[in-house]
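Read the structure below first, then the notes.
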Amino acid sequence: MRTVLLVICSSLILIFVSTGCDEQPVSVGEGILPTEDFIRIDTLIVRAYESFSFEHPLVTSGSHNIFAGMTDELRVESIFRFAGRLSTRGITPELIDTVEIFEATLFLKPSYYFGDTTETVSVYLHEVLSGWSTSGFNRDIYESIKRSSEPVSFGSIMLGDTNAIALPLPEELLHGWATKDTLSIIPQGFVIRSDASSNGIIGFNGTTGDDRPELQIIFGTQEDQDTVVISENFRAFAAFLKKDLDLQNNIILQAGVSTHAVVRFDLHELPKGAIIHNAELELTRNQELTPPHQSVSDSLFVYRLVDSNKLSMLQARHQTFTQTVVDTVTNIIRYRSRVSNIVQEWVTQEEDKGFILRDNHETLGFHRTSFYTEAAEDPDKRPRLKIIFSPM
């Protein structure tokens, strides 16, 4: 027992002498790696060398609204049809021929407007004469659709008016639909458009609910009448730029049409294989090319450009933007997005082809967001990319 105690005491004394009395004790972990192997963190700030916009005919069958109208810059038309068959509601050619009263009216409820509330928009209904589907529907498909040369109904509505517009439909139109129904041919609905006298865009609610479009059919005699209402519908729209917005020299994200934008940076100073701790894309809004809108705001996404010829983007990975008001007097607003994952892919495995910007609300209205390019006189307003990284 005594021997064991002597060994323990000797060991404690040895440890005390070798560590406790050292004039420069070594801290835990220090000296494990040579000084030159510690991780170095650098910052790189790059200004864009190229930016431009381009038109991209988008799929619009998911829109909540049925749009019609035009402004100095835009023109929009819509196509829609009802899903319910007339025969299932008892409407047949024989019924239409024999009843004393037969009336059909289309009711559309406004839910959106773009323009001055003192303006009135005239709307015209044309019968669609060729088949169409909401699957993959875009502007190019719309332009190939046949429609009647003369309108089957028309009306007008003031921008900002919330009352439903009633468009009476001719009896022969519904008779033709009922006849097609007996042959299992689906009526293809209407094109709704305006004329050159209009200076504004109206949007009618196209989804279900109390404000949904309604095809109301009244039939019977003076003493006894029945009413049938059909509301479920399919819809899409096609919008066109009337004014040259100089897309090649501006970053313009125009909803509805819509336009996307490309921004590119020269990252040759960024080492291949670097570890990207943070990368932030910063854009300054160009107020002169961004008209105010009363109801719909932008929702901008940034993607990695994967094909420079087709200007296609990687849909799976995108980032959103946050807005910061830098100066309330001069109304300077900056948009920032963390794009670390995209930059990391560029320095490890993918070729840097640039960023694509788009508005995730591009089917909700006709608002526009624009940004300064690399040609801005004020360098602080030019697109920039701030990267915090470590070389390997």
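If you read the sequence from its start, that first residue is 1, and numbering goes on from there.
- Applying the salt bridge (charged side-chain N to carboxylate O under 4.0 Å, His left out) test to residues at least two apart or on different chains, the pairs with a partner in residues 187-201 are E77-R193.
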Under the side-chain hydrogen bond (donor to acceptor under 3.5 Å, both in side chains) criterion, do T207 and N205 qualify, and how do the steps go? CA-CA 6 Å; T207 55; N205 185 43; 3.1 Å; yes
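- Remark: D42 engages R40 in a salt bridge (Lys or Arg N to Asp or Glu O under 4.0 Å) (not counting sequence neighbours).
- Membership of the apolar cluster around L183 extends to I185, as traced through chained side-chain contacts below 4.5 Å between ILVMFWY residues.
- Classified by interplanar angle (parallel below 30°, tilted 30° to 60°, perpendicular above 60°), the ring pair F137/Y142 is perpendicular.
- Residues M392 make up the rest of the hydrophobic cluster containing I275, defined by ILVMFWY side-chain heavy atoms closer than 4.5 Å, directly or through other members.
- Applying the ring-ring contact (aromatic ring centres under 6.0 Å, His included) definition to pairs two or more places apart or across chains, those involving residues 180-201 are F80-F190, W177-F190.
- With sequence neighbours excluded, the residues forming a salt bridge (Lys or Arg N to Asp or Glu O under 4.0 Å) with E214 are R212, listed by chain and number.
- Applying the ring-ring contact (aromatic ring centres under 6.0 Å, His included) definition to pairs two or more places apart or across chains, those involving residues 241-266 are F54-H260, H56-H260.
- Residue pairs meeting the salt bridge (charged side-chain N to carboxylate O under 4.0 Å, His left out) criterion with at least one partner in residues 235-264, sequence neighbours excluded, are E50-R264, E73-K243.
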Donor-acceptor pairs under 3.5 angstrom involving side-chain atoms of residues 155-169: please list them, not counting sequence neighbours.
residue, atom, partner, partner atom, Å
D161, OD1, N163, N, 2.9
D161, OD1, N163, ND2, 3.1

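- Within the structure, salt bridge (charged side-chain N to carboxylate O under 4.0 Å, His left out) pairs that include any residue of residues 104-113 comprise K109-D211 (at least two apart or interchain).
- In this structure R81 satisfies the salt bridge (Lys or Arg N to Asp or Glu O under 4.0 Å) test with no other residue, sequence neighbours excluded.
- For residues 340-361, the set of pairs meeting the salt bridge (charged side-chain N to carboxylate O under 4.0 Å, His left out) definition, not counting sequence neighbours, comprises R304-E345, R304-E350, R317-E345, E351-K353, R358-E362.
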